[in-house]
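Below: one structure, written as structure tokens.
Heavy-atom basis, side chains included; hydrogens, waters and symmetry copies ignored.
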Amino acid sequence: EYLFIDAEELLRSAYPQKQMWVSDILRRINSGCLILKEQESQELTLQVRLILEQMREKKEFYRERVRLSVLSLLLDIAQLHVQDEIIQDTSVAGESLSLLTATVDYISEHYMEDIGIEDLLRIGNMSESHYRRKFKEYFNTSPAEYINLVRIDHACELLTQTDDKIEDIAMRTGFQTTGAFTRNFKKLVGELPKDWRKKVRESETNMGNYNVSLLKGW
């Protein structure tokens, strides 16, 4: 299961009189990839589990409770980004993580292009074996698999927000063929893109365009 959260809409609607402050919070949240381990982030883990349970059970007032829980989660994430920057500036391990994060940011900006391992090694300033080992350690996946995750994530946005054809979305998210896109999408999400799009739109209609969605897959 995974959550889709429209952070900007949620924060701006919750704090209409504090738009500059909201912009700063959004800047922090979007400033880079934040990698957390469950055992080291127990409070955040409990928050996420609570949100998932509320979305599943749909008890009385669940929308209001989810809204408050997600707002708290977003603020905690923004705060953690500042703490993470401090850690990166003051430790050798943080330097390694900072370089990895730079490659992740590069993937986020260039996912629609043909990204080679040499591009990531140039940014990460590591040998290939060391880079792959550290990437696996922090992300629990390979660089190639992570690139696919990012591409599928953006494909999900396009599937929900546009009426573009599947083959056009495949090209826009960096896949060389529609077949490759469909295979990777089904592998990660568990459904074909067209079936997933239909289910999400039906879910949004039933939820009244609520800005937090819970779906199976990923």
| query | How close do Phe181 and Ala170 get, heavy atom to heavy atom, and via which atoms? | reply | CB-CB, 3.5 Å
| query | What is the minimum heavy-atom distance between Ile166 and Arg197, and which atoms define it? | reply | CD1-NH1, 4.4 Å
| message | So which atom in Glu191 and which in Phe185 form the shortest heavy-atom distance, rounded to 0.1 Å? | response | O-CD2, 3.1 Å
| query | Can you tell me if Thr177 uses its side chain to pair, donor with acceptor, with the backbone of Ala180 under 3.5 Å? | reply | yes
| remark: Looking only at heavy atoms, the pair that brings Leu188 and Asn148 closest together is CD1-O, 4.1 Å
| said: With a 3.5 Å distance limit and no angle check, can you tell me whether Lys58 reaches the backbone of Met55 through a side-chain donor-acceptor pair? | reply: yes
| query | Is the shortest distance from a Lys or Arg side-chain nitrogen in Arg132 or Glu128 to a carboxylate oxygen in the other one below 4.0 Å? | reply | yes
| Does the Asp153 side chain pair with the main chain of Leu149, one donor and one acceptor, at a distance under 3.5 Å? | no
| query | Where does the angle between the aromatic ring planes of His110 and Tyr106 fall among parallel (under 30°), tilted (30 to 60°) and perpendicular (over 60°)? | reply | parallel
| request: Establish, for the pair Lys59 and Tyr62, whether the NZ or CZ atom is under 6.0 angstrom from the six-membered ring centre and no further than 45 degrees off its axis. | output: no
| request: Tell me, yes or no, whether the heavy-atom count around Glu43 atom CD, taken from other residues, nucleotides or ligands under 6.0 Å, exceeds 12. | output: no
| note | Closest heavy-atom pair, Arg151 versus Asp114, reported as atoms and distance to 0.1 Å, is NH2-CA, 4.4 Å
| request: Identify the two heavy atoms, one from Ile123 and one from Leu99, that lie closest to each other, and give their separation to 0.1 Å. | output: O-CD2, 4.0 Å
